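Here's the structure, in structure tokens; my notes come after.
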Amino acid sequence: MLQALNPNTAPLVTVQLHGRVAELTLNRPDKRNAISLAMVAELERCIATLPATVGVVVLAARGEHFSAGLDLSEVPEMSAAEGVQHSHAWYRVFEQLQFGRVPVVAVLQGAVVGGGLELAACAHVRVAEDNAYFGLPEGRRGIFLGGGGSVRVSKLIGFSRVTEMMLTGRTYSAAEAFAIGLTHYTVATGTGLAKAHELALRIADNAPMSNYAILRALPLIAEQPMSHGLMTESLMAAVTQSEPEAKQRVQAFLAKRAAKVQRGD
Ligand code: 1HE
């Protein structure tokens with residue numbers, strides 16, 4: 001059953017504000033951040049109540065593992081109908097993360113498996129510490145992806161790799177995950193959060209309309225036939241470049257007041 005939030009227990013997700021960056025942290029390390037329905041509900045509430053001043057979210061997790069995926073203790077009690085509702089509760093919050101107002105930078109360490117990987121796949125930037133590993137052990141547990149991974153993880157690394165991961169239960173190391181495009185950065189153990197904040201500040205410095213177009217138009221364009229995609233792109237380009245902020249930024253560059261693109265940026 002869908003559970004109500006319990007105000008008497010420790011938060012399953014904590015929120016810390018650092019100026020324009022909100023750090024959302026899965027806070028269930030004793031259960032390896034297994035994702036229960038209560039955690040999904042807390043995540044949803046945290047996202048919905050972010051102050052308007054927040055421009056970027058860093059999604060992190062306490063402890064040695066990002067997330068062991070679905071809270072398996074909730075599986076035995078679920079009927080088929082509840083299972084569908086369960087997936088839809090995840091879909092709702094994951095959609096808010098992926099297509100919400102603010103870009104999300106995830107910090108990944110240790111196990112990033114099952115539903116944990118489905119959650120990570122919602123982020124726009126994935127920073128993995130070199131101890132991270134990625135897997136889809138659903139086949140081993142006799143279940144199936146149910147948090148959108150069939151779609152999101154397949155889009156990231158291809159349906160063939162997802163099939164093989166699920167059939168064999170193999171895991172990808174951090175280096176392998178980077179090589180196949182599952183993550184964007186691999187950093188030393190213990191440095192992921194700092195890297196995520198560095199990237200978050202850069203993202204927060206972009207013009208809001210550019211970030212909006214990247215989050216909202218780019219995924220639509222990717223799903224459109226080429227002729228539609230090009231039309232959407234041209235409209236979005238016209239809207240973003242007509243913003244006063246775009247004019248100011250371009251003028252600043254032309255007047256040699258703005259930073260150049262640097263090798264190693
Ligand atoms: C859990 C879960 C969980 C740990 N649900 N309780 N996910 C999996 O198949 C992964 C299952 N977990 C593991 O393989 C391991 O726990 C880890 C490799 C992630 C970490 O190992 P370790 O040795 O650090 O921890 P542990 O001793 O296995 O677990 C510590 C506690 O967390 C223990 O409970 P305790 O009361 O005995 O202390 C575990 O039972 C508990 N725990 N993982 C519930 N997943 C929307 S559909 C998505 C479908 C899926 O995600 S399938 C993949 C499920």
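Here the structure is a predicted model, which is why all the values come from computation and not from measurement. Atoms within each ligand, like the ligands themselves, are counted from 1 in listed order.
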Give the single entry among K31, H65, R141 that approaches atom 1 (C) of ligand 1 most closely by any heavy atom. K31
May I ask you to check if ligand 1 and W90 share an N or O to N or O distance below 3.5 Å? no
Side chain, backbone, both or neither: which part of Y133 has a heavy atom under 4.0 Å from ligand 1? side chain
Check: of A34, A68, S73, min heavy-atom distance to atom 54 (C) of ligand 1 comes from A68
Heavy-atom nearest neighbour in the protein, as seen from atom 16 (O) of ligand 1, with distance rounded to 0.1 Å: R32 CG, 4.1 Å
Does E233 have more than 12 heavy atoms from other residues, nucleotides or ligands lying within 6.0 Å of its CD? no
Do the numbers put R249 on top of the ring of F253, so that NZ or CZ is under 6.0 Å from the six-membered ring centre and no more than 45° off the axis? no
Below 3.5 angstrom, do we get any N/O pair linking G146 and ligand 1? no
Candidate with minimal heavy-atom separation from atom 5 (N) of ligand 1, of L117, L72, D30: L72
State the atoms of ligand 1, each with its element, that fall below the 4.0 Å cut-off from a heavy-atom position in G69. 51 (O)
Where does H86 meet ligand 1, judged by heavy-atom distances below 4.0 Å: at the side chain, the backbone, both, or neither? neither
Any non-hydrogen protein atom below 4.0 Å of atom 8 (C) of ligand 1? yes
State the CG-CG distance between L117 and L156, to the nearest 0.5 angstrom. 8.0 Å
Scan the protein's non-hydrogen atoms and note whether one is under 4.0 Å from atom 34 (O) of ligand 1. yes
If you count the atoms of ligand 1 from 1 in the order shown, which ones are under 4.0 Å from a heavy atom of G115? 48 (C), 50 (C), 51 (O)
Going by the atom numbers of ligand 1, which of them fall below 4.0 Å from some non-hydrogen atom of E118? 46 (C), 47 (S), 48 (C)
Side chain, backbone, both or neither: E64 near ligand 1, heavy atoms under 4.0 Å: neither
Please check if the number of heavy atoms outside R170 that lie under 6.0 Å from its CZ is greater than 12. yes
Could D71 and R28 be called an ion pair, given the rule that one side-chain N must be under 4.0 Å from one carboxylate O? yes
For atom 53 (C) of ligand 1, what is the nearest protein heavy atom, given as residue, atom name and distance? P137 CG, 3.7 Å
Determine, for E164 against R161, whether the closest basic-nitrogen to carboxylate-oxygen distance falls under 4.0 angstrom. no
Can you tell me if OH on Y91 sees more than 12 non-hydrogen neighbours from other groups inside 6.0 Å? yes
Any protein heavy atom < 4.0 Å from atom 13 (C) of ligand 1: no
Assigning hydrophobic clusters by single linkage (Ile, Leu, Val, Met, Phe, Trp, Tyr; side-chain heavy-atom cutoff under 4.5 Å), is L24 placed with F99? no
Looking at atom 28 (O) of ligand 1, is any protein heavy atom nearer than 4.0 Å to it? no
Quick check for you: to the nearest 0.5 Å, what is the distance between T189 atom OG1 and E64 atom CD? 10.0 Å
Heavy-atom protein contact below 4.0 Å for atom 40 (O) of ligand 1: no
re atom 50 (C) of ligand 1, the protein heavy-atom contact at minimum distance is E138 OE2, 3.3 Å
Atom 37 (O) of ligand 1: protein heavy atom closer than 4.0 Å? no
Look up atom SG in C122 and atom CG in L43, then write down how far apart they are to the nearest 0.5 Å. 9.0 Å
So CG of L37 and CD of E82: to nearest 0.5 Å the spacing works out to 9.5 Å
Say you draw a straight line from CG of L230 to CG of L235; how long is it, rounded to the nearest 0.5 Å? 11.0 Å
Nearest heavy atom to atom 45 (N) of ligand 1, choosing from V112, I143, L70, belongs to L70
State, to 0.1 Å, how close G192 and V107 come at their nearest heavy-atom pair, and which atoms those are. C-CG1, 3.5 Å
